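Lettering follows sequence order; numbering is per chain, from 1. Computed from a predicted structure; not experimentally measured. Only heavy atoms go into these numbers, but all of them, side chains included; no hydrogens, no water, no symmetry mates.
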Amino acid sequence: MAGVLYEEATRVYPGSDRPAVDALDLDVHDGEFLVLVGPSGCGKSTSLRMLAGLERVDGGRIAIGDRDVTHLPPRDRDIAMVFQNYALYPHMSVADNMGFALRVMKAPREEIARRVREAARLLDLEEFLDRKPKALSGGQRQRVAMGRAIVREPKVFLMDEPLSNLDAKLRVQTRTQIAALQRRLGVTTVYVTHDQVEAMTMGDRVAVLKDGVLQQVDTPLHLYQHPANVFVADFIGSPSMNLAEYPVVADEAVLGELRVPLSRETLKALQDEGGDRVILGFRPEAVEVVGEGEPAGFPVTVTVVEELGSDAFLYGQYADTADPARLAQTVIARVDPADPPAKGERVRLRIQPGKERLFSAVTGRRLPT
Amino acid sequence: MSTSTTPPSPTPRPAVADEAAHGRAIAAAPRGEPQSPLESSSRRTRWLVTLLIVLAMLWTLVPLAWMLLSSFKNRVDVTASTPQVFFTPTLDNYRNLFRGPNNLAPYILHSVLAAGISALLAVFLGALAGYGLARTQMRGKRHLAFWIISTRMAPIAAIVVPLFLIFRGLGLIDSIPGLVLAYLTFNLPFAIWLMSAFFAEVPSSLEESALVSGCSRWQAFYLVILPLTKSGLVTTFILCLVFAWNDYAFAVVFSGPNSQTLPIAASQLVTQTGIDWGQLTAIGTIVVVPMMLAGLAVRRWLVTGLTLGAVTGE
């Protein structure tokens, strides 16, 4: 067992001047479940493939445990990888698929059979051991791919969007199974996904990437509550955070008729970068519906109400302005699912004190509060 | 995937297969309902397709059957002005081929060696080069692929003379290695091209998975990739074999007494004093039958794509 260390790891694809992964610094602890998340093209899969040895490392280094693996071939890295399309060998039975790595290592036959049986029991695959992959359902294939990784007993599990080919319900089920399995086996895991819900629910820590650059690594909750920049704030959370740019007048951000006072630290940071605008964000659940007389509120016209049963979300338009830019913005707020407002209704909303997040309009980074 | 989840068909009308299975029961029951126009039109289509298949089979099989029958006819029957379907069969034509100074046995041996070795080499080299071509990321890869296949586009006549001069210099005229090389010049580009298409079908995640599982590149190739392209290997082998086996143009230029192949033997039966139709059709049969049997034996591989189920999408 071992941790994983990326130090300034960089990958530039031939013919491209922008690195696909740009000086990635990441320390995955021993036994940790780390999720790499980001939109497509952010470099998350490339980062994983660099760790696997399937992609060259053009700069920096990567270590597994104490061993520098930067230029080692994949076979010498003692890892197991689950691919997005599972990459099961179609000409081999499930048992042969799962025991493949051990067979290549020339492990004794009984040892292979024993470990395959154990993994099959763990994943509820015992009755399928003699089948070929094409005779399995999507979910079963996914489990065989997992089994193949487990049988190998590697130092690190690498998983490249292993759930993206399953239907929604199975995905949610398998999500918890994989997370539970990882905790039970205690093997360091690097998991790639584009789905932020998957990232939040599975990872001990989540690393958010964008354009090959690491944005933030943190526990899911901290990432949600204290996003380091506008991108993370927008990417993490569903529905996403309300984010918009506002002018700063005197020591307040001006949101139409609503004024949000800024702290001295915030103002100082704004002054240092010479900006007179600020990006203010608030989560849908940081908003509450208030009475018409509430001075710290702002009026919104409801355009859509999403009722999910346990939750209800209001999508609305600012009603205190004629500014087209502000009219184009959508405000999302979580409202009482038992008593949601009607479409077309005008409601007054208030941001709960201290729940707003402030970002620089120049750099996008979070401002001190 | 599982059959248990398939909902029962809402319409109880038996499908074609069921109809055959329960033929008796249905035939016994009176047919009340009239045929729908849709059904009768699909029946017409089926008839038409059957008819076309029958015509195509006649087109292919009649000449072969004529050749096979003629090879068992005696001198009189074979040239009879009314084609004989019923006659006393004789093996004389075959016996005569293996008798006398111009025995057929060495020709068969030369054909087997030249065609077999060249096809094996074409598959072996074609697989290695095709794999490289399918997986390389280098610039101009498509131009390279086209250049490789374009070398096959020249007519044989265009390359025979230069090849002859080269072969003479190398002492390869009238030798089996010479013929093997000549067939390779034509078959290898084709084999590379065909195999690279088969390799391109195999998702690269399969070999990546093998690499991560502890395989060297070479192991990943022969443990995972090659078994999956078995049908490609067989197809390539058969096509290369058939080309070399049937070749006349190269053989007539490059071969001599030590390397003449079956098509040359056949041509020698067409002499200025006459054509021995019986022996000619016997040679024809000897040439055609092995290839037909080979094709039949591997027809499963010629059509099956083995990669089904390899990846989620199927």
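- Taking the six-membered ring where the residue is Trp, B:Phe221 and B:Tyr131 present tilted rings, their angle falling between 30° and 60°.
- Proximity to chain B (any heavy atom under 4.5 Å) is restricted, for A:Arg152, to the side chain, taken from C-beta onward.
- Atoms OH and CG, from A:Tyr86 and A:Leu136 in turn, are 11.0 Å apart once rounded to the nearest 0.5 Å.
- Salt-bridge formation is not detected for the pair A:Glu126/A:Arg117: no Lys NZ or Arg NE/NH1/NH2 atom is positioned less than 4.0 Å from an Asp or Glu carboxylate oxygen.
- For A:Leu54, the part sitting under 4.5 Å from any heavy atom of chain B is the side chain, from C-beta outward, and nothing else.
- Residue contact with chain A, scored on non-hydrogen atoms closer than 4.5 Å, involves the backbone and the side chain of B:Ser216 alike.
- Within the cation-pi definition used here (under 6.0 Å to the ring centroid, within 45° of the axis), A:Arg148 qualifies as a partner of A:Tyr89.
- Atom CH2 of B:Trp193 is separated from atom CG of B:Leu133 by 10.5 Å, given to the nearest 0.5 angstrom.
- Other residues, nucleotides and ligands contribute over 12 non-hydrogen atoms within 6.0 Å of the CE atom of B:Met138.
- The line from CD of A:Gln84 to CG of A:Leu163 is 10.0 Å long, rounded to the nearest 0.5 Å.
- Taking 4.5 Å as the heavy-atom cut-off, the residues of residues 207-214 of chain B that approach chain A are B:Glu208, B:Ser209, B:Ala210, B:Leu211, B:Val212, B:Ser213, B:Gly214, ordered by number.
- Qualifying side-chain contact (heavy atoms from CB on, under 4.5 Å) partners for B:Ala182, counting only residues two or more places apart in sequence or in other chains: B:Phe167, B:Phe250, B:Phe254.
- In terms of heavy-atom pairs under 4.5 Å with chain B, the best-connected choice from A:Ala145, A:Pro14, A:Pro74, A:Ala80 is A:Pro74.
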